[in-house]
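What follows is one structure encoded as structure tokens, with my remarks underneath.
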Amino acid sequence: MDHSDYVIDEMISAKSIAARVEELAREIHAHFADTDKLVVVGLLRGSFVFIADLVRELDLPVEVDFLEASSYGNAMESSREVRILKDLRGEIGGRDVLVVEDIVDTGFTLAHVVKLLRSREPKRLEVCALLDKPSRREVEIKATWTGFEIPDAFVVGYGIDYAQRNRNLPHIGKVRRKA
Ligand code: 5GP
């Protein structure tokens, strides 16, 4: 991977992200206002910046846990195999759970993770995704709360990588190959 052959055009500014995170936190707070404990589950690695900002806007008793899933395309069957690379440390049975995802693209990853976590019988389970690319969807699934709907473009920044780089960009940018 050569990181010198592309440029990143800003798509969503750090300021817009911060304003939207505040709004999302308000809605999540209203939904879970009566919770005795909210387990915030971050899907690694792309959600780590989003989750850090989101939990600091949530004035609720929260615990933070992480899960890492990886999806592999299978062009022949137009299906995906989703594997759990790192499972949660804690139990979620009978708990309030908020799954935090960076991007919902085809939907395979989120659908698999939600099915797995629901099988553990949480009290309530909702999903907050920073970005959604509805035009790419192959599995019918929608986050309870979405930060921004975006067109079909490859994006980086605010925790989201291109070959492990650019996660530390404070804004969301679109990758464009240099001519
Ligand atoms: P899905 O299973 O919905 O197709 O895939 C979701 C995952 O694909 C996201 O969590 C993210 O890791 C990755 N992904 C989808 N779109 C993009 C993108 O534009 N940029 C990056 N870096 N990853 C993406």
Side-chain angles (χ1 to χ4, degrees), residues 1-14 16-17 20-21 24 28 39-55 64-88 92 97-119 125-178:
M1 180 58 56
D2 185 352
H3 289 277
S4 62
D5 63 1
Y6 65 92
V7 288
I8 299 166
D9 298 323
E10 183 170 298
M11 183 189 258
I12 309 170
S13 70
S16 306
I17 298 170
R20 189 71 186 115
V21 169
L24 291 169
I28 292 164
V39 183
V40 181
V41 172
L43 301 195
L44 291 172
R45 283 173 257 181
S47 74
F48 82 103
V49 175
F50 181 37
I51 202 173
D53 282 349
L54 191 63
V55 295
V64 176
D65 206 338
F66 293 98
L67 187 137
E68 186 171 9
S70 181
S71 108
Y72 297 92
N74 182 337
M76 297 293 285
E77 294 168 31
S78 81
S79 67
R80 294 280 182 93
E81 186 195 340
V82 180
R83 282 197 309 178
I84 302 300
L85 303 179
K86 183 208 168 296
D87 206 340
L88 299 177
I92 56 163
V97 175
L98 177 70
V99 177
V100 179
E101 170 67 307
D102 56 352
I103 309 175
V104 187
D105 189 40
T106 63
F108 279 107
T109 308
L110 188 59
H112 182 89
V113 167
V114 165
K115 191 171 164 212
L116 172 73
L117 297 184
R118 281 206 195 283
S119 75
L125 184 146
E126 306 294 344
V127 177
C128 182
L130 178 67
L131 304 174
D132 189 359
K133 297 183 190 172
S135 66
R136 294 261 309 157
R137 197 73 87 255
E138 291 177 37
V139 177
E140 204 178 313
I141 188 154
K142 193 155 176 46
T144 322
W145 300 282
T146 297
F148 302 90
E149 283 197 0
I150 59 168
D152 179 13
F154 191 83
V155 296
V156 294
Y158 197 67
I160 301 163
D161 75 305
Y162 180 25
Q164 297 311 323
R165 293 271 289 272
N166 312 117
R167 290 191 198 272
N168 55 331
L169 264 186
H171 57 267
I172 301 280
K174 183 176 160 176
V175 169
R176 176 165 54 88
R177 295 222 158 265
K178 279 186 193 162

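Start at 1 and go down the list; that is how both ligands and their atoms are numbered.
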Suppose we measure from [atom] to each protein heavy atom; which comes out shortest, and what is that distance?
atom	result
atom 8 (O) of ligand 1	Asp105 CB, 4.6 Å
atom 2 (O) of ligand 1	Thr109 OG1, 2.5 Å
atom 16 (N) of ligand 1	Lys133 NZ, 3.0 Å
atom 7 (C) of ligand 1	Ile103 O, 4.1 Å

For atom 22 (N) of ligand 1, is there a protein heavy atom at a distance under 4.0 Å?
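True for atom 22 (N) of ligand 1.
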Would you confirm whether the ring centroid of Tyr6 sits within less than 6.0 angstrom of the ring centroid of Tyr162?
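Yes.
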Any heavy atom of [X] sitting closer than 4.0 Å to ligand 1?
X	value
Ile160	yes
Gly107	yes
Ser47	no
Tyr162	no
His112	no

Short N or O distance, Val155 and ligand 1, threshold 3.5 Å exclusive:
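Indeed, backbone or side chain, Val155 has an N or O that close.
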Presence of salt bridge, Asp9 and Lys174, under 4.0 angstrom
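Asp9 and Lys174: not salt-bridged.
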Indicate yes or no: does Lys142 engage Glu149 in a salt bridge with an N to O separation below 4.0 Å.
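A salt bridge links Lys142 with Glu149.
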Residue [X] vicinity, atoms of ligand 1 by number, heavy atom under 4.0 Å:
X	answer
Asp161	21 (C), 22 (N)
Ala153	19 (O)
Glu101	10 (O)

Just heavy atoms, cut-off under 4.0 Å: does [X] contact ligand 1 by side chain, backbone, both, or neither?
X	answer
Arg136	neither
Thr106	both
Asp102	side chain

Approximate separation, where rounding is to 0.5 Å, of Ile84 CD1 and His112 NE2:
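The CD1 atom of Ile84 sits 4.5 Å away from the NE2 atom of His112.
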Using the salt bridge (Lys or Arg N to Asp or Glu O under 4.0 Å) criterion, which residues pair with Lys133? Sequence neighbours excluded.
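If we apply the salt bridge (Lys or Arg N to Asp or Glu O under 4.0 Å) test to Lys133, skipping adjacent residues, the hits are Asp105.
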Can you list everything that forms a salt bridge (Lys or Arg N to Asp or Glu O under 4.0 Å) with Asp161? Sequence neighbours excluded, please.
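Per chain and number, Asp161 pairs via salt bridge (Lys or Arg N to Asp or Glu O under 4.0 Å) with Arg167.
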Less than 3.5 Å apart, any donor N or O on the side chain of Asp53 or Tyr158 sitting next to an acceptor on the other?
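Indeed, the side chains of Asp53 and Tyr158 share at least one donor-acceptor pair under 3.5 Å.
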Scan side-chain atoms only and decide if Glu126 and Thr144 contain a donor-acceptor pair under the 3.5 Å cut-off.
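Yes, a side-chain donor-acceptor pair sits under 3.5 Å.
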